[in-house]
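Let me begin by presenting the structure, written as structure tokens, before commenting on it.
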Amino acid sequence: MTIIEPKTADELAQYYQLRYDTLRRPWNQPPGSERADDDDTALHALLLDDAGSPAGVCRLHLNTPYEGQLRFMGIREDMQGKALGNLLVNYLEDKARSMGATTMTLQARDYAVNFYRRNKYEVVEKTYLLFGTIQHYKMTKQL
Ligand SMILES: CC(C)(COP(=O)(O)OP(=O)(O)OC[C@H]1O[C@@H](n2cnc3c(N)ncnc32)[C@H](O)[C@@H]1OP(=O)(O)O)[C@@H](O)C(=O)NCCC(=O)NCCS
């Protein structure tokens, strides 16, 4: 397993494709819906499996100099449950610390809350519904 920060057009295409496949396609959302307005100013992490194929994605954005936010975490379906999510969280937490952040925040889908709890995040509050069905919870952690 290797984590890279996608920069080339090909790496970025693979990165956004896996973001779409894990977080948008299952809810029949259109291609393009996986993009966010502030992606250009975020740090992106792409996990490659031993064959060099995309296996996981996540991004880090600094909301303030002290607060990082994880978004768009997705592990390829056949690779879930192998601690790859943990690898990406740890990688981006280290990045956030090195950038000076002291806390991390995120909006967890209801079924991912326990994954983040295993990574020592705590629920702050129930927040919004995505696509009318997926309840989100704000979670935070001291870095
Ligand atoms: C949620 C997701 C990111 C977890 O990644 P993963 O690689 O499958 O999880 P890991 O194997 O790293 O699991 C880490 C720990 O969390 C636990 N865990 C993972 N998913 C869990 C879940 N849904 N419920 C409870 N515990 C869970 C694991 O048992 C493991 O515990 P351990 O460290 O004690 O062994 C992944 O399943 C995924 O991409 N799902 C689809 C997209 C998605 O929902 N993204 C999150 C949006 S907020």
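Computed from heavy atoms alone, side chains included, the values below leave out hydrogens, waters and symmetry copies. Order of appearance sets the numbers: ligands from 1, and atoms from 1 within every ligand.
Note: no N/O pair closer than 3.5 Å links Q107 and ligand 1 by distance alone. Geometrically, ligand 1 and A108 share no nitrogen or oxygen pair separated by less than 3.5 Å. When only interatomic distances are considered, the shortest N/O to N/O separation between G74 and ligand 1 does not fall below 3.5 Å.
Scanning the protein for heavy atoms near atom 3 (C) of ligand 1, the closest one is M73 CG, 3.4 Å. Among all protein heavy atoms, the one lying closest to atom 1 (C) of ligand 1 is A112 CB, 4.1 Å. Scanning all protein heavy atoms for the shortest distance to atom 47 (C) of ligand 1 gives R109 CD, 3.7 Å. Of all protein heavy atoms, the one closest to atom 25 (C) of ligand 1 is N114 CB, 3.2 Å. In this structure, the protein non-hydrogen atom closest to atom 31 (O) of ligand 1 is R118 NE, 3.4 Å. With hydrogens left out, the protein atom closest to atom 13 (O) of ligand 1 is F115 CD1, 3.7 Å, a heavy atom. Closest to atom 40 (N) of ligand 1, if we only count protein heavy atoms, is Q80 NE2, 3.4 Å. Nearest protein heavy-atom contact of atom 5 (O) of ligand 1 is I75 CG1, 3.6 Å.
Rounding to the nearest 0.5 Å places CZ of R19 at 8.0 Å from CZ of R35.
In terms of modelled atom types and a separation under 3.5 Å, the side chain of T22 and the main chain of I75 share no donor-acceptor contact. A distance-only check finds a donor-acceptor pair linking the side chain of E34 to the backbone of G32 [under 3.5 Å]. Proximity of a side-chain donor or acceptor of E67 to a complementary backbone N or O of T64 within less than 3.5 Å is not detected. A donor-acceptor pair under 3.5 Å is formed between the side chain of R109 and the backbone N or O of L23. Not one N or O on the side chain of K126 forms a donor-acceptor pair closer than 3.5 Å with the backbone of Q135. Checking side-chain atoms of Y137 against main-chain N and O of A112 turns up no donor-acceptor pair under 3.5 Å.
Ring orientation note: the planes of Y121 and Y116 are nearly perpendicular, at an angle over 60° on the 30°/60° scale.
Numbered from 1 in the order shown, with element, the atoms of ligand 1 that lie under 4.0 Å from a heavy atom of L23 read 42 (C), 43 (C), 45 (N). The distance from ligand 1 to the heavy atoms of A83 drops below 4.0 Å at these ligand atoms: 10 (P), 11 (O), 12 (O). Close approach to G81 involves these atoms of ligand 1, each under 4.0 Å from a residue heavy atom: 6 (P), 7 (O), 8 (O), 11 (O). Within ligand 1, counting atoms from 1 as listed, the ones closer than 4.0 Å to a heavy atom of G85 are 5 (O), 6 (P), 7 (O), 12 (O).
The only option from L143, N119, V89 that meets the side chain to side chain contact (heavy atoms under 4.5 Å, CB included) definition with M104 turns out to be L143. Of the residues listed (E122, Q107, R117), the one engaging M139 in a side chain to side chain contact (heavy atoms under 4.5 Å, CB included) is R117, and it is the only one.
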Run the side-chain donor-acceptor check on residues 42-52: report pairs under 3.5 Å with partners two or more places apart or on a different chain.
| from | atom 1 | to | atom 2 | distance (Å) |
| --- | --- | --- | --- | --- |
| H44 | ND1 | Y15 | OH | 2.8 |
| H44 | NE2 | D39 | O | 2.8 |
| D49 | OD1 | A51 | N | 2.9 |
| D49 | OD1 | G52 | N | 3.0 |
| D49 | OD1 | S53 | N | 2.8 |
| D49 | OD2 | R76 | NH1 | 3.1 |
| D50 | OD1 | M1 | N | 2.7 |

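Cluster membership check: V123 does not share its hydrophobic cluster with L129, using side-chain heavy-atom separations under 4.5 Å among Ile, Leu, Val, Met, Phe, Trp and Tyr.
Of the listed residues (N86, T22, V57), the one carrying the non-hydrogen atom nearest atom 33 (O) of ligand 1 is N86.
Not a single protein heavy atom sits closer than 4.0 Å to atom 35 (O) of ligand 1. Remark: atom 28 (C) of ligand 1 lies closer than 4.0 Å to no protein heavy atom. The presence of a protein heavy atom under 4.0 Å from atom 8 (O) of ligand 1 is confirmed.
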